[in-house]
Amino acid sequence: MKQPTVHIIGAGLCGLTLAYLLKKKGIKSVLLEANNRIGGRIDTRYVDKIGSIEMGATWCNDTHHKLLNLLQELTISYTKQYTSGISFFETSNAHEPQRFSIPDYEAPSYRIDGGTYQLIAALENNLDSGSIQLNEKVCQIKYDQLKIIIETASGKQIEADYVVSTLPPNLLVSTVHFEPELPIDLTAIAQKTHTWMGESIKFGLVYKHPFWKEKGYSGTVFSHVNWVQEMYDHSTIDSSFYALKGFLNGGASTLTPEERKQKIENQLQRILGEEVKNATHYFEKVWREEPYTFAPYASLIMAHQNNGHTIYKQPFFDNRFFISGSETAPVHPGYMEGAIQAAHYCSTYFN
């Protein structure tokens with residue numbers, strides 16, 4: 001008897017983790033990834049092979065049990081986020097930023113050593129060769145009560161035993177056509193499910209010297225009034241690579257990359273000093289411009305709205321089609337932990 005195959009849409013953290021879990025059960029899977037890379041919302045940029053900047057998912061903490069267990073299982077180390085020194089909080093342009101220190105007893109955040117992509121690479125290395133197909137955007141799924149047919153933009157027609165979508169739900173219902181149509185209640189919820197990081201704009205600045213540390217600054221900046229809303233030290237633990245990484249106000253999406261960089265420098269030099277302009281590398285990512293991650297909403301959506309909704313626990317098309325992904329997790333939805341939790345839950349359908 002032919003062994004059933006699970007086709008997984010999306011080779012981000014959830015899809016790769018699901019494939020990894022299924023392989024441990026002896027179940028074959030194939031990942032269909034629309035992009036020319038794997039990782040989804042994990043996007044690590046490497047600099048001269050000595051350091052990295054995260055343009056996507058970055059941190060975890062002690063409550064992220066599934067993620068920390070997976071890192072241990074894959075022998076991937078992680079390090080506490082650097083927060084020592086003076087931090088800054090801008091509450092008004094009319095006054096100097098407030099200075100404060102982050103207490104040592106505050107619950108720590110961690111970064112994966114060598115970049116978050118280390119987790120993606122380790123999962124890929126544990127999968128069978130050829131199980132990931134890049135540049136395969138799924139555009140249609142048909143079900144006739146006997147089989148599921150997946151159609152991709154490249155013209156492929158794939159007969160599947162089971163299909164799992166790990167796409168953000170709004171992206172799924174906005175970009176994939178279904179025959180027959182998905183239930184109306186499911187589509188309505190999916191259209192109003194927030195895509196985590198969809199509105200994020202991330203940036204990174206690389207330096208030859210950690211001038212902020214030399215001044216006794218932590219590299220942490222918060223602002224309620226300017227373009228840079230959050231920023232943190234992004235250097236390596238061994239002091240071989242120095243960087244700052246942060247988030248911009250969503251309104252910066254209307255600016256050019258050059259304009260964004262200028263706004264960042266103008267704001268940060270007032271806080272940290274003129275050395276801000278001496279960056280050797282500048283990175284940025286506007287996530288709403290990523291068509292394989294973000295689809296515009298039909299109405300106003302709040303952060304985490306409908307994430308973890310119970311409707312995503314239901315199988316569809318006679319238990320042949322499943323919706324997974326970080327937004328479907330009831331705990332820590334949208335985060336790396338949520339992606340791994342969703343993969344674990346979905347894996348229980350297959351034995």
Side-chain angles (χ1 to χ4, degrees), residues 10-14 33-47 51-59 90 111 115-117 120 134-135 137 166-172 174-175 191 193-206 221-232 234 243-268 276-277 279-305 307 325-327 333-336 338-339:
L13 179 56
C14 181
E33 171 56 53
N35 216 331
N36 59 5
R37 66 171 184 87
I38 62 174
R41 282 169 279 183
I42 291 174
D43 185 6
T44 306
R45 310 291 179 85
Y46 289 94
V47 183
S52 61
I53 293 283
E54 302 299 342
M55 291 293 99
T58 305
W59 294 281
E90 287 186 314
R111 285 168 40 209
T116 314
Y117 192 80
I120 297 299
L134 298 178
N135 302 303
K137 179 183 182 298
T166 65
L167 305 182
N170 183 51
L171 181 69
L172 172 67
S174 298
T175 61
Q191 289 175 334
T193 297
H194 181 247
T195 298
W196 192 244
M197 202 150 35
E199 298 83 9
S200 292
I201 304 175
K202 299 198 173 186
F203 72 91
L205 297 163
V206 180
V221 174
F222 297 110
S223 178
H224 284 171
V225 294
N226 274 312
W227 295 99
V228 177
Q229 295 184 315
E230 294 180 46
M231 189 179 73
Y232 305 92
H234 210 69
L244 297 167
K245 172 263 183 72
F247 302 77
L248 294 180
N249 182 297
S253 64
T254 62
L255 304 177
T256 66
E258 293 76 20
E259 289 171 334
R260 283 191 286 267
K261 184 173 184 289
Q262 188 64 59
K263 298 286 189 184
I264 293 167
E265 289 180 345
N266 290 346
Q267 178 183 349
L268 294 182
V276 164
K277 293 186 175 182
T280 60
H281 297 77
Y282 171 74
F283 296 94
E284 66 167 32
K285 182 130 187 175
V286 181
W287 278 97
R288 67 169 56 248
E289 295 177 356
E290 294 297 310
Y292 304 134
T293 297
F294 181 79
Y297 307 112
S299 59
L300 180 65
I301 298 292
M302 303 300 290
H304 289 302
Q305 183 171 330
N307 283 186
S326 186
E327 279 76 14
Y335 300 102
M336 290 189 285

Inset, instruction - Could you walk me through whether Asn226 and Glu90 pass the side-chain hydrogen bond (donor to acceptor under 3.5 Å, both in side chains) test, one step at a time? - result: CA-CA 8 Å; Asn226 274 312; Glu90 287 186 314; 3.1 Å; yes
Legend entry - Steps toward side-chain contact (heavy atoms from CB on, under 4.5 Å) verdict (Asn36, Leu134): CA-CA 5 Å; Asn36 59 5; Leu134 298 178; 5.5 Å; no
Inset, instruction - Give the intermediate values and the outcome of salt bridge (Lys or Arg N to Asp or Glu O under 4.0 Å) for residues Lys245 and Glu54. - result: CA-CA 8 Å; Lys245 172 263 183 72; Glu54 302 299 342; over 6 Å; no
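The structure places NZ of Lys202 at 15.0 Å from CZ of Phe283, a figure rounded to the nearest 0.5 Å.
In terms of heavy atoms, Gly115 sits closest to Tyr46 at CA-OH, 4.1 Å. Smallest separation of non-hydrogen atoms from Ser253 and Glu289: O-OE2, 4.3 Å. The two residues Ile53 and Ala243 make their nearest non-hydrogen contact at CD1-CB, 3.4 Å. Looking at every heavy atom in both residues, Ala57 comes nearest to Ile42 through CB-CG1, 3.9 Å. The shortest non-hydrogen separation linking Leu205 to Ala279 is CD2-CB, 4.0 Å.
The aromatic rings of His194 and Trp196 sit perpendicular, their planes meeting at an angle over 60°, well past the 30° parallel limit.
Taking the six-membered ring where the residue is Trp, the centroids of Phe203 and His234 are separated by 6.0 Å or more. For an aromatic pair to be called close, the ring centres must be under 6.0 Å apart, and Tyr232 with Trp59 satisfies this.
By the 4.5 Å heavy-atom criterion applied to side chains, Pro333 and Glu327 are not counted as neighbours.
Salt-bridge check for Asp43 with Arg41: failed, with every basic side-chain N at 4.0 Å or more from each acidic carboxylate O. Residues Glu290 and Arg37 are not paired through a salt bridge, judged by the lack of any N-O separation under 4.0 Å between the basic side chain and the carboxylate.
At distances below 3.5 Å, at least one donor-acceptor pair connects side-chain atoms of Asn170 with backbone N or O atoms of Ala295. Under a 3.5 Å cut-off, the side chain of Gln262 and the backbone N or O of Glu259 do not form any donor-acceptor pair. With hydrogens and angles ignored, the 3.5 Å screen pairs no side-chain donor or acceptor of Gln229 with any backbone N or O of Ser223.
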